[in-house]
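What follows is a short report on a single structure.
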Amino acid sequence: MINQKLRPRRMRINKAIRSMVRETSLSPKDFVYPIFVVPGENVKEEIPSMPNCYHLSVDKAVELAEEIYELGIPSVEVFGLPEYKDEIGSSAWDMNSPVQRAIKAIKEAVPELIIVGDVCLCQYTSHGHCGKLCDHYVDNDETLKLLQKVAVSQAKAGADIIAPSDMMDGRVAAIREALDENGFINVSIMSYTIKYASGYYGPFRDAANSAPQFGDRRAYQMDPANDREAMKELELDLEEGADIIMVKPALAYLDIVRKVRDRVNHPVAVYNVSGEYAMVKAAAEKGWIDEKRIVLETLTSMKRAGADIIITYHAMDAARWLQED
Ligand code: PBG
Ligand code: ZN
């Protein structure tokens, strides 16, 4: 016999009750908005594979940063397209490059906005790999020295958080050491701890002009099939002193997010990447899905899985939608 007294539907009977018992909440405060800065002035060009995301010159990036802050979003992550590329990616630590200038200008204009600097070399190397090459292999320990320079240059420009996305071994410890030696003891590290070699980065590589010119990134980014290996990366980053642990991509890896959340007391971030964004935008453009509903549901699932911080290209739209409700 069914027990007629047990009726979970009582807790769903109307909007007010549902809201009282809701377990997960989403807020603009959860978001980090990624921006792409480019050389020049007065540039605001839409990125074809990422509708409603733009290549921005520093002046336009500052304008957008003000808007982002007004929407209640606490943070931006800055990516850049440099003026020049070479074998070792030296424009990545050039204080006159768009990223360093943007960080400085945004910090001056909106001091309370938390600035995350993405530390990697793929946007800056002529070959598009995330480090210095030795033949066709990315040399781990030589790359660490360059990543230290990038991190310090971004901290000098005014970054609050350094986010290494290269997946070299030992880079969190190396960057921590370089930051401390240069007096940046309060600049924190949000590590791309668990970053998979993912097809979901496609639109970003168009946007950042950072696709590898030969081969792929599987010799440094993780195999999407692996879970225990993710826990190994997690242990190392904790030992090396990461302040925030990131899992990337988000949606296809929420099982990993949950595991990380259950294991550590550090803040956990997810990166809702360009391919995840582009799929939603494309289906919405075709009228096949309700964009607002899908985006809010998806971002809520990331929080439910255990993320405290969501890096997402949907941040500005989502912040507006959350104000409507
Ligand atoms: C650079 C970097 C990538 C992303 C963030 N930093 C691309 C890559 O590793 O190829 C992906 C972000 C996205 O797809 O939105 N290492
Ligand atoms: Zn890279």
Side-chain angles (χ1 to χ4, degrees), residues 31-37 47-55 76-82 85 87-89 91-93 99 116-133 138-140 143-144 146-147 150-151 154 159 161-169 171-172 175 189-224 233 246-253 269-281 298-299 302 309-315:
F31 304 147
V32 176
Y33 187 65
I35 60 170
F36 296 92
V37 293
I47 298 166
S49 54
M50 300 173 68
N52 207 25
C53 289
Y54 298 85
H55 284 141
V76 287
E77 177 159 358
V78 183
F79 293 94
L81 287 83
K85 299 195 185 205
E87 275 289 303
I88 59 168
S91 54
W93 59 85
V99 164
V116 180
D118 181 87
V119 167
C120 200
L121 295 172
C122 52
Q123 286 124 273
Y124 309 93
T125 51
S126 42
H127 44 76
H129 276 287
C130 300
K132 185 175 171 184
L133 293 181
V138 174
D139 187 319
N140 195 89
T143 299
L144 294 183
L146 306 182
L147 296 171
V150 183
Q154 293 182 355
I161 299 179
I162 296 299
S165 67
D166 51 280
M167 288 305 277
M168 297 304 117
D169 294 332
R171 92 268 213 213
V172 171
I175 288 172
I189 299 179
M190 174 161 71
S191 175
Y192 288 67
T193 300
I194 300 167
K195 176 172 176 178
Y196 289 96
S198 171
Y200 285 99
Y201 308 148
F204 174 97
R205 290 182 190 170
D206 289 339
N209 186 22
S210 65
Q213 298 302 301
F214 65 88
D216 55 40
R217 303 208 203 289
R218 288 173 216 266
Y220 38 103
Q221 297 180 352
M222 282 184 47
D223 185 336
E233 287 287 359
M246 192 203 302
V247 177
K248 177 184 173 193
L251 199 51
Y253 299 89
V270 290
Y271 200 135
N272 174 218
V273 300
S274 58
E276 299 173 65
Y277 176 81
M279 292 193 302
V280 171
K281 295 302 268 191
T298 304
L299 298 176
M302 293 167 191
I309 298 167
I310 305 173
I311 303 165
T312 178
Y313 306 101
H314 295 295

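Just so you know, residue 1 is the first one in the sequence shown, and it goes up from there. Atoms within each ligand, like the ligands themselves, are counted from 1 in listed order.
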[X] touching ligand 1 at heavy-atom level, < 4.0 angstrom:
X: M167; result: no
X: K248; result: yes
X: Y271; result: yes

Within the distance-only criterion (no hydrogens, no angle test), does the side chain of [X] pair as donor or acceptor with the backbone N or O of [Y] below 3.5 angstrom?
X: R171; Y: P164; result: yes
X: H129; Y: G131; result: no
X: H55; Y: A207; result: yes

Mode of [X] contact toward ligand 1 - side chain, backbone, both, neither (heavy atoms, under 4.0 Å):
X: C122; result: side chain
X: C120; result: side chain
X: Y277; result: neither
X: D166; result: neither

Report task. Ignoring hydrogens, just give me the one of F204, F79, Y200 whose non-hydrogen atom is nearest atom 7 (C) of ligand 1. Result ->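 Nearest option to atom 7 (C) of ligand 1, by heavy atoms: F204.
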Query raised in the report: When P249 is tested against each of P224, S198, S274 for side-chain contact (heavy atoms from CB on, under 4.5 Å), which residue passes?
Result: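 With P249 as partner, side-chain contact (heavy atoms from CB on, under 4.5 Å) holds for just one option, S198.
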Query - Reference residue N272; test side-chain contact (heavy atoms from CB on, under 4.5 Å); the match among L251, L299, I311, V280 - result: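 Testing N272 for a side-chain contact (heavy atoms from CB on, under 4.5 Å) against L251, L299, I311, V280 leaves exactly one candidate, L299.
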Query - Numbered atoms of ligand 1 (with element) below 4.0 Å of D118, judged on heavy atoms - result: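 Listed by number with element, the hits are 6 (N).
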Tell me: protein heavy atom nearest [atom], and distance?
atom: atom 9 (O) of ligand 1; result: K195 NZ, 2.7 Å
atom: atom 10 (O) of ligand 1; result: R205 NE, 2.6 Å
atom: atom 14 (O) of ligand 1; result: S274 OG, 2.7 Å

Query raised in the report: Does the separation of the ring centres of Y253 and Y196 fall below 6.0 angstrom?
Result: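 Yes, the ring of Y253 comes within the 6.0 Å limit of the ring of Y196, centre to centre.
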Query raised in the report: So, for H314 and F31, is the gap between ring centers shorter than 6.0 Å?
Result: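 No, ring centres 6.0 Å or more apart.
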Query - Residues R218 and D223 bridged, charged N to O under 4.0 Å - result: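 No.
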Query raised in the report: Does a donor on one side chain sit under 3.5 Å from an acceptor on the other, for Y192 and D166?
Result: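 Judged by distance alone, the side chains do not pair up.
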Report task. Would you check if the Zn ion (ligand 2) lies under 2.8 Å from any N, O or S atom of H129? Result ->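 Checking the Zn ion (ligand 2) against H129, no N, O or S atom falls under 2.8 Å.
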Report task. Ignoring angles and geometry beyond distance, decide whether Y313 reaches within less than 3.5 Å of ligand 1 through its nitrogen or oxygen atoms. Result ->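 Min N/O separation from ligand 1 is below 3.5 Å for Y313.
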Report task. Compute the angle centred on the Zn ion (ligand 2) spanning SG of C130 and SG of C120, and express it rounded to 10 degrees. Result ->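 Value, to the nearest 10 degrees: 110°.
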Query - Pi-cation contact, Y313 with K281 (under 6.0 Å, within 45°) - result: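 Checked: cation-pi criterion not met.
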